[in-house]
Each structure stands twice: as C-alpha cells, then as structure tokens.
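Read the structure below first, then the notes.
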There are 2 protein chains.
Amino acid sequence: MVERNEETIQATKTSFEVVHTLQEIGPARLSEIAAELELAESTTHRHLQTLHDMRYVSRDGERYQLGLRFARLGRAAQTRDPAYEMTQRHVEALAEETGERAQFVVEDHGLGIYLHVETGSQAVRVGFGVGRQIHLHSSSAGKAILAHYPRERVDEILDQWGLPAHAANTITDREELYEELETVRERGVAFNREEHVDGLNGTAVPVKRDGRAIGALAVAGPSHRLTGEWLDEEIPDMMLAAANELELNATYASDAGSRDHIVE
Amino acid sequence: MVERNEETIQATKTSFEVVHTLQEIGPARLSEIAAELELAESTTHRHLQTLHDMRYVSRDGERYQLGLRFARLGRAAQTRDPAYEMTQRHVEALAEETGERAQFVVEDHGLGIYLHVETGSQAVRVGFGVGRQIHLHSSSAGKAILAHYPRERVDEILDQWGLPAHAANTITDREELYEELETVRERGVAFNREEHVDGLNGTAVPVKRDGRAIGALAVAGPSHRLTGEWLDEEIPDMMLAAANELELNATYASDAGSRDHIVE
DNA sequence: GTCATGAGTTCCGCTATGCGGAACTGATAA
DNA sequence: TTATCAGTTCCGCATAGCGGAACTCATGAC
C-alpha cells in the first residue's frame, strides 16, 4: 500500500493548523489545542515547541498565543504590491466624504480580502476588519473584481467556492451572476443591495492596472441610508475619481525603505 | 547514530523559512527560493505547494508570494491583547501633539515589536514600521519595559540577544544598563540619546497592568529637535498622562465582535 | 524542422523523521 | 502520604519527507 497521495507535507499542515487554532480561540493551553485538533499531546507539544523556537508563537506561563512576528509578516503581505499602499489615503478620503465605511478589497485564492477599512464618522475600531475574507459573488467589491476577470477564471473561483446565500438577495445562480457581471462591466460600477448582509447596501468600482483588476474600492452602509442618487450616482462618482487617479499613477515606485537595526 | 536532537520538527522549520524568504525578497520563483535556502527544487516545490494549498502563499503565474491570509493572522496577533488596541488613539494623539513619530512597543521573545506607529506632520507611510523588531537595551521603549521586569527576566533577555552597539551611545555594558534601568524605574521615564541610531533621540514611559509592564509609549525624533525641556519634561508629561489614562481603564472589555459571513 | 536550454513537476528508493503511547516529572491539592 | 492532572521526555515503528533522476513543457537558436 504505497499510494502516493498528493504531494504535500503533513507536518507543515499540522503546524499551520496549530497556528490557526491559536488565531481562532486566542491564548490556549497545550491540552486545549491538542483536543481541538485531535492530536496526541506529545505531537502538539512538538509543534508548539518548534513554533515557539522560531518566535511565531509565544507563551505566557501556561498559555500559548500567536507570536508578534506575525504582525511583521502580516504587514509584508499587506504591502506585497506597492499599489496596495497607495489606496489607503483614498479609502480614508472616501470614508471622510461619505461618512460611511470605505474599503479596499483584493482577490486572493478566489476570495475577497479587506486590505484597508476606514469608518467615516465614528472612528472606533481602527483597522477592524482588515484581513477579513468574503465571498466575491455576494459583495459589491467582489463583483467589481470578477467583472474584469476572464470568464474561465471566474468559473474556477465559482467552482472552488460556490455561490452560497448570505442574505435575502444573494445571487446564487451562475447565469444570473454572469448577467450581473456584464452589467457591472458596462457601467463600470457594482452594487450590492442586501446581498451580503440583510440591511446592508454597498457599491464598488474596480482599480485596474494593465487592464486587469487588481482590487476594488467600495463603500458600504445601512440600506436605509445608502439609497437613491446618493448610492447610484454620487458615491460611485467619488469612487471613480479615486480609482481614476490611482490608475493614472502608474508610477508604482518601489522604494527600498530605510533599514536600520532590524533584528531577524 | 541515533542522537535524538532537540524535539523539533524540521519540515515545519523549512516551511517557515520559505515563508520568511518570501517576506524578505518578495515575489520570487521557485528556483530562487530553492537557491536561497539551499534546498532541492523538488523539496522546495513540495513546501510551496503545501503552503499554496492552505492559502498562505499565492502564485502569480511564475512567481510565488505571501498569501493575504497572513494579513488576517497579523491582525490577530496585533490584537491578541485587548489592551494593545486601546493604545492606538493615544499614539495618534501623541504624534499629533508632538509633531514627531509616536509608537507603542511591546516585548515578545525578548525583542521590542512596534505595534502602533504614527508620524506627526508628514502623514506619509501610514503603518510603516509596524511589526518591526528592535533590541530592548538600545531604545527608550525597551528600557522602559526592561526597567519594570524582574532582574532574572532581564538577564535571560540579555543572554539571548546580547547588547550589540547600534550607535555611538549604545549601552553595551551590563552593569551600566542595570544602573540605567534603576534610574528609569525611579523616574518612571526612559530616554534614548542617540543610542539606537546616530542623530535620533527618544523618550518612553511604560504602560503597566497589575504592576507589570505590558508595553511602552514612545516618541522619537531628530536629536537637534528633541532636546532640552521639550524632551526632558514636556513630552514625558504627555506620555505619562496617556499611560495613566490607559492604566485606569482597567476595564479591558473583550467584545466578541460582529461575525457575519466570514470564510475560513 | 531539430536540438538545446532551462524552469518546474513528478517519480522513486532510502532512511531519517515525525508519530502516538507510555513513562516520567513537578506542581497542587486532598 | 497519596492522588490528580498538565506538560514533557522517551522510545520503537512505519511512514512521510528527502534529494537525485527522469520527465514535461515552453522558449529560442540555428
């Protein structure tokens, strides 16, 4: 019984599952993690020890938790494309101008990831929601991105993640989605009318580079407030202006950054 | 030759080294990564494939890069303690009031990690520096933290990382550092006069909880500008006020956060 | 067209490595 | 003292991960 399964490393998977468990349940004891993952305690111990050695996990007496090395790694991922950083000020401006929640969303592995989130008036929870993942078919940003992807890539993504219903108006039919994407492509703007969360509307425009969507700017808010001309025209115009400016700045300058005494 | 070495998992280490390489050199081809780590290409391929399967690595045609899942993980690490989040607005306020760079630094594995960084006037590079690591002995924040750690823990840290010189005034002698920490403890404020980078001064105060330092608020800037009463009295007073307020807010409320349709 | 090059992927045999269970340790409490 | 329980170390076994070689699949030279 040799049966070479897919070429993949079990130990690595397990280690990342340990990390993921810590992300989910926060500081935890070895026994909790072992139970959660249904692993032998000796095995769990070995994984935690390895991760601890590498400073990806810290321990506070009897509890293990995520190491702050991940903060660095997270920033590196978030700035892996210089264009990602340039969107920040536009997101801030949009939040300011609209008073609603403004976002910059990017596609990775077929999901939408919030890279910048800014809430307009109530400036609470700064950075809240960053890194969060959503399905592309049920959000304005996702549709703005998909509309500018080749059909085959769209199919791949839908095959991988399906079209689960999140709210009353979620599009769950492939054909219907194709039509919607066609509309989005023509208009250059995507809308979300309670498709992701009941009571929440949104609108988004793609940010393109070399004709390919690298992400989307979006604004979201309660459906009673985001409606009419405000939703249909005014907010899209602001976003289009921002997207346009971003696209003109094709000078994606990459700077080395000052490196003083960084410890690795 | 059995020789059980330290209980640690090689495959996990290698996988994280691959991740670390991607963090360092950015988008890279398989062959580059294999060369960098002196691994067989087949081995490198297996690691990358595993990481890709788990969405911790993405590939853009012929190049691999960090997956945006790390953005989420990074945020989780950065907010692993509710107190960390509460410092953000104080850092912003300090940057605003002083016009200099304000920071909140935490200790992890014996190093200082910047969790919040805000630059005063020139609001460029938002979030730049977050996650960066520094030695504790040569920064004001580090000294503020060490001053409130038990002696044995300080020794552990110094054993682990030593006291490397970074600038002309870096304290490289243990005894001298102990004395300095004593002074810091008495005064409640730490200073850095070109000990970390030539031409750069700084000052910091600890943020304590249950008598233990959980981090430090710091302000840094060019030594010609950060000097005299401004450095010695005025900035420390602002920071002490902020730290005091933080410590009074012992109501470290933990909220569950709204969880809508999060994809894992 | 052939041949060459080179990056990436798959195959394959070997054994080092990661696995779980059991034994051990050390702290806390009855 | 014994009991309990979390965490750590030990240990033998088989499997899972390793590197080298073979194979693909582009791309390009001639």
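Throughout, a chain's letter reflects where its sequence line sits, starting with A, and its residues are numbered from 1.
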Q | Residue closer to the 5' end of DNA chain D, B/T14 versus A/L30 (nearest nucleotide) | A |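 Whichever sits nearer the 5' end wins; that is A/L30.
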
Could you tell me how far apart [X] ([atom1]) and [N] ([atom2]) are, to the nearest whole angstrom?
| X | N | atom1 | atom2 | result |
| --- | --- | --- | --- | --- |
| A/E41 | D/dC10 | CD | P | 17 Å |
| A/L37 | C/dC19 | CG | C1' | 15 Å |
| A/E62 | C/dG26 | CD | P | 18 Å |
| A/K13 | C/dG18 | NZ | C1' | 16 Å |
| B/E38 | D/dC18 | CD | P | 16 Å |
| B/Q10 | C/dA16 | CD | P | 14 Å |
| A/L48 | D/dT8 | CG | P | 9 Å |
| A/L39 | C/dG21 | CG | P | 11 Å |

Q) Looking at B/H109 versus A/H52, is the centre-to-centre ring distance below 6.0 Å? A)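 Ring-ring flag for B/H109/A/H52: true, centres closer than 6.0 Å.
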
Please determine, for the side chain of [X], which listed nucleotide ([options]) has the closest atom?
| X | options | answer |
| --- | --- | --- |
| B/R46 | D/dT8, D/dG17, C/dG8 | D/dG17 |
| A/R29 | D/dA6, C/dG8, D/dT9 | D/dA6 |
| A/A11 | C/dA7, C/dG18, D/dT8 | C/dG18 |
| B/I9 | D/dA6, C/dC19, C/dT9 | C/dC19 |
| A/S42 | C/dG21, D/dG7, D/dC18 | C/dG21 |
| B/S31 | C/dA7, C/dG18, C/dA22 | C/dA7 |

Q) Between B/Q133 and B/I113, is there a donor-acceptor pair closer than 3.5 Å when you use the side chain of the first and the backbone of the second? A)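 Not at all, since once roles are kept as given, no pair shorter than 3.5 Å links the two residues.
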
Q) Can you check whether A/L66's main-chain N or O pairs, donor with acceptor, with B/R80's side chain at less than 3.5 Å? A)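 Side chain of B/R80 to backbone of A/L66, a donor-acceptor pair under 3.5 Å: yes, one is there.
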
Indicate whether OP1 or OP2 belonging to [N] is found under 4.0 Å from a side-chain N or O atom of [X].
| X | N | result |
| --- | --- | --- |
| A/H45 | D/dT8 | yes |
| A/R63 | D/dG7 | no |
| B/H47 | D/dG17 | no |

Q: Is it possible for you to check whether B/R132 lies under 6.0 Å from the centre of the six-membered ring of B/Y114, through NZ or CZ, and within 45° of that ring's axis?
A: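 The answer is no, since B/R132 fails at least one limit relative to B/Y114.
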
Q: Taking atom types as modelled, find out whether B/Y178 and B/D155 have a side-chain donor-acceptor pair closer than 3.5 angstrom.
A: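 Result is yes, a qualifying pair exists.
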
